[in-house]
Novice: 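Pasting a structure below so you can have a look.
For reference, positions follow the sequence shown, starting with 1. None of the values given here were measured: they were computed from a predicted structure.
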Amino acid sequence: GQTYIVPDRDQVAELEQTLSQCRNEIQRISRNRIQPVKDQIKAIEKRIADMEESIKTFFRNPPLSP
């Protein structure tokens with residue numbers, strides 16, 4: 001038979017919300033900054049957005065366990 005990973009939906013939702021809040025805070029603090037700092041902040045924001053998408057994909061569509 002096949003085995004599925006069953007994540008705790010509340011924990012996944014909390015993790016997604018935390019990442020979203022982090023990204024929103026980063027967007028807020030990036031305003032009125034000099035360009036090199038803005039570029040660094042945008043890179044961090046992109047990494048968080050990528051993590052959000054990976055988590056959403058992995059936990060909303062869990063892979064089959066061998």
Novice: Give a yes or no on whether Q27 atom CD has more than 12 heavy-atom contacts from other residues, nucleotides or ligands under 6.0 Å away.
Specialist: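 More than 12 within 6.0 Å, yes.
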
Novice: Please round to the nearest 0.5 Å and tell me the distance separating atom CD of E25 and atom SG of C22.
Specialist: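 That separation rounds to 8.5 Å.
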
Novice: Which distance, rounded to the nearest 0.5 Å, do you find between the CZ of R47 and the CD1 of I26?
Specialist: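 Going from CZ on R47 over to CD1 on I26, the span is 8.5 Å.
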
Novice: Does any part of the side chain of E16, heavy atoms only, come nearer than 4.5 Å to the side chain of E52, both counted from C-beta?
Specialist: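 Heavy-atom side-chain distance check fails, nothing below 4.5 Å.
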
Novice: Atom NZ in K42, atom NZ in K46: separation rounded to 0.5 Å?
Specialist: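 That separation rounds to 12.5 Å.
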
Novice: Please report the interatomic distance CG(D50) to CD1(I55), rounded to the nearest 0.5 Å.
Specialist: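 It comes to 11.0 Å.
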
Novice: With rounding to the nearest 0.5 Å, note down the distance linking CE in M51 to CG in L15.
Specialist: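 Rounded to the nearest 0.5 Å, the CE-CG separation comes to 8.0 Å.
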
Novice: If I take atom CD from residue E45 and atom CG from residue N24, how far apart are they, to the nearest 0.5 angstrom?
Specialist: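 CG of N24 is found 8.5 Å from CD of E45.
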
